[in-house]
Amino acid sequence: MGPHPAVAAIRLAVRRVLQDVRDDNSSDANSPVHNSEARGDGPLVLVACSGGADSMALATALAFEAPKLGMRAGAVTVDHGLQAGSDTRAREVAVRLRALGLDPVDAIGVTVGRQGGPEAAARDARYAALDAAARDRGAAAVLLGHTRDDQAETVLLGLARGSGTRSLSGMPAVNGRYRRPFLLLDRHTVREACLAQGIDVWEDPHNHDPAYTRSRVRHEALPVLEKSLGKGVIEALARTAQLSRDDADALDEWAACAERDAAHGEGGLDTARLLLLPPAVRRRVLRRAAIAAGSPAGSLFARHIEETDRLVTGWRGQKPLNLPGGIAVGRRNGRLFFSPS
């Protein structure tokens, strides 16, 4: 008798990602995969695990599938220090991960700043810790437990911000070392896999705290949409993410070439060349320039780019604009300059 259908589904999703990691990295002489295979052991893949249902399901699937492919499986749990007893919880999660056979397992404490709001600051601190752990351990990849429901929430948040096609494209399945095996699986399936395996999970109280925007989207906005529009809203939003990502990738590639063409030999971007571009491409060029100058991508909204665009399309001698991150953009001698304010 085979495994429970939900368990089979999460294992298949992880198996496919592990095969991709192995194939993508085995030909790179400088990759962690190549170096570990040269030593006679398999490449290391880490799972980021909070102890919640999604990441625990991912951990169990990784522990099951990695040895079958000759790969090593480890884990990282991050203590954000935002709740009383969070350090104890992190140690308990690490013990449970080791009991699954994962090795190495790192429990890392971080300090969460304030830039960009509590959710963005916690995310930045978490990814910094995951990046450091992956580098220190020589990991080929880090797996994240985001599901199709998380993808739908991300798209809805992007739509509310009005930040354009890239925001609607949601989370990528592959982003550098990070892989998201569960993006095509719904949250119910993933949590059912935990129940079927008797896996104890920890429910983060922040997930139900209405002070957090994503929590309100999850427990208030999406249920209302499904009640009003019928089932299938989550699937439609996730499908929108993939379609938007394909469009955004093409436009971003065009914008990268256009930015090089608009770069002036003496610095700045040539406004005459920018004016010739389609608005969707030009605004991407301006966003790229702002981020390159130091403006945080997560804090750079559509209104900032629209105001910057007016320095090109509606020039009337305006003063320089202040962008997030202490960056100023101004126009001089037919060129746009992005610099610290």
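With hydrophobic clusters built from ILVMFWY side chains whose heavy atoms lie under 4.5 angstrom apart, Val233 shares a cluster with Val217. In the hydrophobic cluster analysis, where Ile, Leu, Val, Met, Phe, Trp and Tyr join through side-chain heavy atoms closer than 4.5 angstrom, Leu277 is grouped together with Leu269. Both Leu185 and Met56 are part of a single hydrophobic cluster, where members link through side-chain heavy atoms under 4.5 Å apart. Cluster annotation: Phe64 and Leu143 are assigned to distinct hydrophobic clusters (Ile/Leu/Val/Met/Phe/Trp/Tyr, side-chain heavy-atom contacts under 4.5 Å, transitive). Both Trp315 and Phe338 belong to a single network of hydrophobic side chains, linked directly or stepwise wherever heavy atoms of I, L, V, M, F, W or Y lie under 4.5 Å apart.
Of the possible donor and acceptor atoms, none in the side chain of Arg177 sits under 3.5 Å from a partner among the backbone N and O of Ala141. In terms of modelled atom types and a separation under 3.5 Å, the side chain of Arg331 and the main chain of Thr271 share no donor-acceptor contact. Looking at Ser228, its side chain never comes within 3.5 Å of a backbone N or O of Leu225 through a donor-acceptor pair. Judged purely by atom type and a 3.5 angstrom limit, Asp186 uses its side chain to pair as donor or acceptor with the backbone of Thr189. With Thr154 contributing its side chain and Met171 its backbone, the two residues share no donor-acceptor pair below 3.5 Å. Of the possible donor and acceptor atoms, one in the side chain of Arg287 sits under 3.5 Å from a partner among the backbone N and O of Ala297. With hydrogens and angles ignored, the 3.5 Å screen pairs a side-chain donor or acceptor of Gln197 with a backbone N or O of Ala193. For the pair Thr77 (side chain) and Ala90 (backbone), a donor-acceptor distance under 3.5 Å is absent. At distances below 3.5 Å, at least one donor-acceptor pair connects side-chain atoms of Arg245 with backbone N or O atoms of Ser169. A donor-acceptor pair is defined here as one N or O able to donate and one able to accept, closer than 3.5 Å; no such pair exists between the side chain of Ser295 and the backbone of Ile291.
Annotation for Arg216: atom CZ counts as buried by contact number, over 12 foreign heavy atoms lying within 6.0 Å. When the shell of 6.0 Å around NZ of Lys231 is examined, it contains 12 or fewer heavy atoms from other residues, nucleotides or ligands. The neighbour count for Leu184 CG, taken as heavy atoms of other residues, nucleotides or ligands under 6.0 Å away, does not exceed 12. The neighbour count for Glu253 CD, taken as heavy atoms of other residues, nucleotides or ligands under 6.0 Å away, does not exceed 12.
Between Arg191 and Glu203 there is a salt bridge, with a side-chain nitrogen of the basic residue lying less than 4.0 Å from a carboxylate oxygen of the acidic one. By the 4.0 Å N-to-carboxylate-O rule, Asp149 lies too far from Arg218 to be salt-bridged with it. Using a 4.0 Å cut-off between charged side-chain N and carboxylate O, Arg179 and Asp20 make no salt bridge. Salt bridge Arg282/Asp309: present, at least one basic N to carboxylate O contact under 4.0 Å. Electrostatic pairing of Asp79 and Arg126 does not count as a salt bridge here, judged by no charged N lying under 4.0 Å from a carboxylate O. Contact check on Arg310 versus Glu307 returns a salt bridge, with a Lys/Arg side-chain nitrogen under 4.0 Å from an Asp/Glu carboxylate oxygen. A salt bridge is absent between Asp150 and Arg180; no separation between the charged side-chain nitrogens and carboxylate oxygens falls under 4.0 Å.
Here the straight-line distance linking atom CG of Leu144 with atom SG of Cys49 works out to 11.5 Å at 0.5 Å rounding. Rounding to the nearest 0.5 Å places CG of Leu274 at 10.5 Å from OG1 of Thr313. With values rounded to the nearest 0.5 angstrom, Arg187 atom CZ is found 6.0 Å from Asp54 atom CG. Distance check, rounded to the nearest 0.5 Å: CG of Leu336 to CG of Leu321 gives 9.5 Å. In this structure, Asp131 CG and Asp136 CG are separated by 10.5 Å, a value rounded to the nearest 0.5 Å. Going from atom CG of Leu323 over to atom CD1 of Ile305 covers 7.0 Å, rounded to the nearest 0.5 Å.
The closest side-chain donor-acceptor pair between Asp23 and Gln19, if any, does not fall under 3.5 angstrom. No side-chain donor-acceptor contact under 3.5 Å links Ser86 and Arg89.
Geometrically, Arg148 does not engage Phe182 in a cation-pi contact defined by less than 6.0 Å to the ring centre and at most 45° from the axis.
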- Taking it one step at a time, do Leu100 and Leu62 satisfy side-chain contact (heavy atoms from CB on, under 4.5 Å)? CA-CA 10 Å; Leu100 293 174; Leu62 176 62; over 6 Å; no

- Message: Applying salt bridge (charged side-chain N to carboxylate O under 4.0 Å, His left out) to Arg11 and Glu65, what does each step give before you reach the verdict?
- Response: CA-CA 7 Å; Arg11 288 177 178 176; Glu65 292 292 339; 5.2 Å; no

- Determine, stepwise, if the pair Val14 / Ile10 fulfils side-chain contact (heavy atoms from CB on, under 4.5 Å). CA-CA 6 Å; Val14 168; Ile10 66 169; 5.6 Å; no

- Verdict with supporting geometry, Arg98 and Asp103, salt bridge (charged side-chain N to carboxylate O under 4.0 Å, His left out): CA-CA 6 Å; Arg98 294 188 184 99; Asp103 181 41; over 6 Å; no

- Message: If you apply the rule side-chain contact (heavy atoms from CB on, under 4.5 Å), what do you find for Glu153 with Leu222, and how did you get there?
- Response: CA-CA 8 Å; Glu153 294 161 10; Leu222 275 174; 3.6 Å; yes

- Item | Intermediate values then yes/no, salt bridge (charged side-chain N to carboxylate O under 4.0 Å, His left out), Asp252 and Arg288 | CA-CA 9 Å; Asp252 284 348; Arg288 288 171 58 90; over 6 Å; no

- List the steps, then state whether side-chain contact (heavy atoms from CB on, under 4.5 Å) holds for Leu286 with Glu259. CA-CA 8 Å; Leu286 298 177; Glu259 184 180 22; over 6 Å; no

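Sorted pairs that involve residues 314-330 and meet salt bridge (charged side-chain N to carboxylate O under 4.0 Å, His left out), not counting sequence neighbours, are lacking altogether.
Across all their heavy atoms, Ala133 and Asp106 have their closest contact at CB-OD2, 4.4 Å. Here the closest non-hydrogen pair linking Ser50 and Val93 is O-CG2, 3.7 Å. Heavy atoms only, all atoms of each residue included: Asp270 and His264 are closest at OD2-CD2, 4.3 Å. Residues Ala75 and Leu46 share a closest heavy-atom pair of N-CD2, 3.7 Å. Nearest heavy-atom pair, Ala241 versus Val155, reported as atom, atom and distance to 0.1 Å: CB-CG2, 3.6 Å. The two residues Ala134 and Val142 have their closest heavy-atom pair at CB-CG2, 3.9 Å.
Using a 4.5 Å heavy-atom cutoff, the side chains of Val21 and Pro43 are not in contact. In this structure the side chain of Leu195 never reaches within 4.5 angstrom of the side chain of His4, judged on heavy atoms. For the pair Thr165/Arg284, a side-chain contact is recorded, criterion being any heavy-atom separation below 4.5 Å from C-beta on. Side-chain contact check for Arg214 versus Leu157: some heavy-atom pair is nearer than 4.5 Å.
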